[in-house]
**Student:** 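The structure under discussion is supplied below as C-alpha cells; questions concerning it will follow.
Bear in mind that the values here come from a model prediction, so they are computed numbers and not experimental data. Note that ligands are numbered from 1 as they come in the structure, with each ligand's atoms numbered from 1 the same way. Residues: numbered from 1 along the sequence shown.
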Amino acid sequence: MAQQLGGQPILILKEGATRSREEEARNNNFAAAKAVASAVRSTLGPKGMDKMLIDSMGDITITNDGVTILKEMDIEHPAAKMMVEIAKTQDNEVGDGTTSAVVIAGELLKNAEGLIAQKVHPTVIAEGYRMAAEKSLEILGGIAIAVKPTDTAMLKNIAGTALTGKNAEVQKDWLCDVVVKAVVSVTDPDGKADLAHINVEKKAGASVDDTELIEGMVIDKERAHPAMPKTVKNARILVLNAALEFKKTEVSATIRISTPGQAQAFLDEEEHMVRAMVDKVVASGASVIFCQKGIDDVAQHFLAKAGILAVRRVKKSDCENLARATGATIVNSIDAITAQDLGTAGLVEERKISGDEMIYVSKCKNPKAVSIVIRGGTEHVVDELERAVHDALMVVSVVIEGKKIVPGGGAPETELSLRLREYAATVGGRAQLAIEAFAAAMEIIPRTLAENAGHDPIDLLVDMRAAHEAGKKTFGINADTGKPADMLRAGVVEPLRVKTQAISSAAEAAVMILRIDDIVASAKAPEPAPGAGGMPPGGMGGMGGMPPGMGGY
Ligand code: ADP
Ligand code: MG
C-alpha cells in the first residue's frame, strides 16, 4: 500500500495487506450486514418459513430460530459477524426476538445508505439513530402493560407467542401449560426465576404429545445394580457428595500376603469397612440414594440387599436440583448423615425411554426444581422443539422478573414509527432526517410479518398507520387476514424487555457499522490453495492461435 508524498511512495502497511476507505469500506460493510438480515428475514413471524442448514460434517439442522441459523452459518465477513453478535446477545439476555433484532439492524443500515446518498454525513446519522433509540425505549415504556407474576393466563400467552411459527405449534396449548408451570415452580419468593433449576431432557422416539412436565427431577442414569428395586414409593431420598467405596491408599503400597488366611482377612476388612458405611446410610432411613461420587461393587451389593435404589456419579448440577426438588440437604460426609437431611418424593422409578434407562423422581411436594422431558418423532423434531421451549421458558421468566409486556404482531413497531416521526419534527435539522429514517426502519417488522404471511405489505402498513393514528396502540397484524387486529385480545404479547433489547442492540450495531470508514486487513496467513498448479489467471486459451498476420503466407 503506497501513498504519494512529494512524489515519493511511503509504505505504511505490510506487503499483502489490503485497505479500503470511505465509500468502498462502507458499501462493503453495509452489503454484508444487509445480506445477513435478508438471510433470516423469511423466518420472521407466525407464518415464517424454516431453514435447513447442513454443516461441514453433513449434519442437518432444521430451524426457524434466528440465532441458530446465524450460529450455524459459517460467517466470515467482520460486519456480518457483528450482526451475528446482536442475535447472540439477544438470545442470551432475553431468549427471543433474535430475528427481529437482526432484521431491524439491517433496515437501519439500508435507510442510512439512502441518507448518505443525499450527502448526510454518517456521524450525523449515527447521532440521530442514537437519539431515536433512546426515545424508543421511553415510548415503549409508555405503552407497556403491567402484568402480575400470578397471572398465568397472560404468562401462557407470552409463552404461546414465543412458540408461534415454530414446529412446536401443533401442541401449543399443552406446551404453554408445561412451560408456565415449570417457571412458576422454580420462581423464588423474591421473584427471581432461575432457569438453571429447570432440567430439560430430550429423547426422540415418541410423539410431541408425550412431552411432559415432571414435578421433580429426571436423571439420565440407571440404577447402580440390577438387584436394586426399580420403583420406590414414598421415597426418602439421600443426596450424597461422598464416595461409597473402600478407600484406596493414597501412596502406592504393596501388601505382602504369605498365607491364604491373610488374603481372606484383607478382603474381610475391606468388606467390613464398606458394610459399616452402608449401615450408616441405612440407619438414616433412606430408601433412595443419589451419589455424586462412586459406589463400588461391594457397596452396591449391600445397598441392593437392603432394598435401596442407588444411583452413582450423578452430575453436580443434578444433585443440586434433586436437593431443591425433594427438600433434601446435600451431605458431604457419610458420618454426617442424619434423618433431617433426607428429602422426599412420592415416586422414584427407573423407566426405559426409547432404549435408555432414566430415573424419574416425581410427585415431589412443592418442588423448587422441575424437569421437562421433550419427546418427538426424530432428533430434528426434538432439537427444534427444545429450542422453542427454551425461548418460551426464557420469555416467561423475563416477564416474571420484569413484570411488563407489550402487544406483538408489529404493534409496538408501528407505534414507535409514528411517535418517532413526531419526535423528529421537534428535533429539526439534519438529525431529524436520521430520526425519520429510524422511524421508517421500525416498519420493517409489520411489513415482513405481512409479506411472510402472504399479504400485501403496503395495504397493511396503510391500515396499521390509520389504526395507530386513531389511538389503537395495541393493533398488530392478524396473520390470517392480513388486517390490523387487537393483539391483546388475540393473546399475542411479548415481554417489554424483548423489544427494548432488540431495538437497542440493533441500533448499537448499526451505529457501530456506520461509523467505520476505513478497513485495514492484514494479509491472511498463506493457505495451501486447493487449486494450486491450475491455470494461471487469464488462461492460456489464446496461446495456441496463429500470430496475427501469419495466415497470408
Ligand atoms: P424472533 O426471532 O424475532 O422472535 P419470530 O419468528 O419468533 O422471530 O417472530 C416474532 C414476531 O412475530 C414478533 O414481532 C411477534 O409479535 C410476531 N408474532 C408472533 N405470533 C404472532 C401472531 N399470532 N400474530 C401476529 N404476529 C405474531
Ligand atoms: Mg420468537
**Student:** Just by modelled atom types, is the Glu436 backbone N or O under 3.5 Å from a matching donor or acceptor in the Arg421 side chain?
**Tutor:**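 Flag not set: sc Arg421 to bb Glu436 has no pair under 3.5 Å.
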**Student:** Would Asp188 and Arg324 pass as an ion pair if we require N to O under 4.0 Å?
**Tutor:**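 Salt bridge present between Asp188 and Arg324.
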**Student:** Does only the side chain of Glu413 get under 4.0 Å from ligand 1, or the backbone, or both, or neither? Count heavy atoms.
**Tutor:**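 It is neither; nothing of Glu413 touches ligand 1.
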**Student:** Report yes if Gly97 has an N/O atom closer than 3.5 Å to an N/O atom of ligand 1; otherwise report no.
**Tutor:**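 Gly97 vs ligand 1: N/O contact under 3.5 Å present.
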**Student:** Just to confirm my output: which protein heavy-atom neighbour is closest to atom 25 (C) of ligand 1, and how far is it?
**Tutor:**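 The protein heavy atom lying closest is Ile477 O, 3.4 Å.
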**Student:** Counting heavy atoms only, which of Gly408, Ala490, Gly160, Pro46 comes nearest to atom 18 (N) of ligand 1?
**Tutor:**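 Going through Gly408, Ala490, Gly160, Pro46 one by one, Pro46 has the nearest heavy atom to atom 18 (N) of ligand 1.
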**Student:** Hey, is the main chain of Val498 close enough, under 3.5 Å, to the side chain of Gln90 for a donor-acceptor pair?
**Tutor:**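 Flag set: sc Gln90 to bb Val498 pair under 3.5 Å.
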**Student:** Any atoms of ligand 1 less than 4.0 Å from a non-hydrogen atom of Thr99? List them with their elements.
**Tutor:**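 Counting from 1, the qualifying ligand atoms are 1 (P), 2 (O), 3 (O), 8 (O).
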**Student:** At under 4.0 Å between heavy atoms, which part of Val492 makes contact with ligand 1: side chain, backbone, both or neither?
**Tutor:**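 Only the side chain of Val492 comes within reach of ligand 1.
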**Student:** Note the single closest protein heavy atom to atom 15 (C) of ligand 1, along with its residue, its atom name and the distance in Å.
**Tutor:**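 Nearest neighbour among protein heavy atoms for atom 15 (C) of ligand 1, to 0.1 Å: Glu494 OE2, 3.3 Å.
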**Student:** Does any N or O in the side chain of Ser371 come within less than 3.5 Å of the main-chain N or O of Val218, such that one atom is a donor and the other an acceptor?
**Tutor:**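 It does hold such a pair.
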**Student:** Among Leu449, Asp96, Val395, Thr448, whose heavy atom sits nearest atom 4 (O) of ligand 1?
**Tutor:**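 That would be Asp96.
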**Student:** Just jot down the ligand 1 atoms closer than 4.0 angstrom to any heavy atom of Thr43, in number order.
**Tutor:**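 Going through ligand 1 atom by atom, the ones under 4.0 Å from Thr43 are 6 (O).
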**Student:** Among the heavy atoms of Lys499, does any lie under 4.0 Å from an atom of ligand 1?
**Tutor:**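 In this structure, Lys499 qualifies as a contact of ligand 1 - some heavy atom is under 4.0 Å.
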**Student:** Taking 4.0 angstrom as the limit, do Arg351 and Glu212 come out as a salt bridge?
**Tutor:**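 Judged by the 4.0 Å cut-off on N to carboxylate O distance, Arg351 and Glu212 do form a salt bridge.
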**Student:** Starting from atom 3 (O) of ligand 1, what is the nearest protein heavy atom, named by residue and atom, and what distance separates them?
**Tutor:**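 So the nearest neighbour among protein heavy atoms is Ser100 OG, 2.5 Å.
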**Student:** Please check if the side chain of Asn452 supplies one atom and the backbone of Leu44 the other of a donor-acceptor pair under 3.5 Å.
**Tutor:**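 Yes, the answer is positive, given that a donor and an acceptor are paired below the 3.5 Å cut-off.
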**Student:** Measure the distance from atom 5 (P) of ligand 1 to every protein heavy atom, then report the residue, atom name and distance (to 0.1 Å) of the closest one.
**Tutor:**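 Result: Gly45 N, 3.6 Å.
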**Student:** Do Thr474 and Asp486 have side-chain N/O donor and acceptor atoms under 3.5 Å apart?
**Tutor:**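 Asp486 and Thr474 do have a side-chain donor-acceptor pair below 3.5 Å.
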**Student:** Salt bridge between Glu379 and Lys202, side-chain N to carboxylate O under 4.0 Å?
**Tutor:**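 Answer for the salt bridge query: no.
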**Student:** Measure the distance from atom 26 (N) of ligand 1 to every protein heavy atom, then report the residue, atom name and distance (to 0.1 Å) of the closest one.
**Tutor:**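 Looking only at protein heavy atoms, the one closest to atom 26 (N) of ligand 1 is Gly409 CA, 3.3 Å.
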**Student:** Is there any N or O on Leu44 that sits under 3.5 Å from an N or O of ligand 1?
**Tutor:**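 No: no nitrogen or oxygen of Leu44 is under 3.5 Å from one in ligand 1.
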**Student:** Would Lys315 and Asp220 pass as an ion pair if we require N to O under 4.0 Å?
**Tutor:**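 No, Lys315 and Asp220 are not salt-bridged.
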**Student:** N/O/S atom of Asp96 under 2.8 Å from the Mg ion (ligand 2), yes or no?
**Tutor:**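 Yes.
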**Student:** Check the pair His380, Thr378 against side-chain hydrogen bond (donor to acceptor under 3.5 Å, both in side chains), reporting the backbone distance first and the verdict last.
**Tutor:** CA-CA 5 Å; His380 299 143; Thr378 69; 4.6 Å; no
**Student:** Residue-level breakdown please: for Thr164 versus ligand 1, do any non-hydrogen atoms fall below 4.0 Å on the side chain, on the backbone, on both, or on neither?
**Tutor:**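 Side chain only.
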